[in-house]
Amino acid sequence: MSAMRVAVAGAGLMAVVHTRAARGAGAHLVAAVHPDGEKGRSAAEAFGADRGYPSLDDALDHADAN
């Protein structure tokens, strides 16, 4: 069974909470999403996600690429 793949939306406190919960459940964080593309990339780096995206649609479009 492969690890669950998740994306987190936002870069604030709740994103940190959800990221920790997902990792605690054994998930792999594939994306951080924030409308400000730079914040999305920064959040991805801070959370250890594979990549940051400016929209959920963009993240979903590339979901198989990660």
Taking a hydrophobic cluster as the set of Ile, Leu, Val, Met, Phe, Trp and Tyr residues connected by side-chain heavy atoms closer than 4.5 Å, whether directly or through intermediates, do L56 and F47 fall within one such cluster? no

Minimal non-hydrogen separation, Y53 against H62, with atom names: OH-CB, 3.4 Å

For side chain to side chain contact (heavy atoms under 4.5 Å, CB included), just list the numbers for V6 and R23, CA-CA rounded to whole Å, side-chain angles, deciding distance to a tenth of an Å, and then say yes or no. CA-CA 9 Å; V6 299; R23 286 231 167 83; over 6 Å; no

Nearest heavy atoms of A44 and R51, plus distance in Å: CB-C, 3.5 Å

Atom pairs and distances, donor-acceptor, side-chain atoms in residues 10-21, under 3.5 Å, two or more places apart:
from	atom 1	to	atom 2	distance (Å)
H18	ND1	M14	O	3.1
T19	OG1	A15	O	2.7

How long is the span from the CG atom in L29 to the CZ atom in R5, to the nearest 0.5 Å? 10.5 Å

Listed partners of S42 passing side chain to side chain contact (heavy atoms under 4.5 Å, CB included), at least two apart: E38

Please enumerate all residues that pass side chain to side chain donor-acceptor pair (under 3.5 Å) together with D58, with sequence neighbours excluded. S55

Please name the pair of heavy atoms, one in A49 and one in V30, separated by the smallest distance, quoted to 0.1 Å. CB-C, 4.3 Å

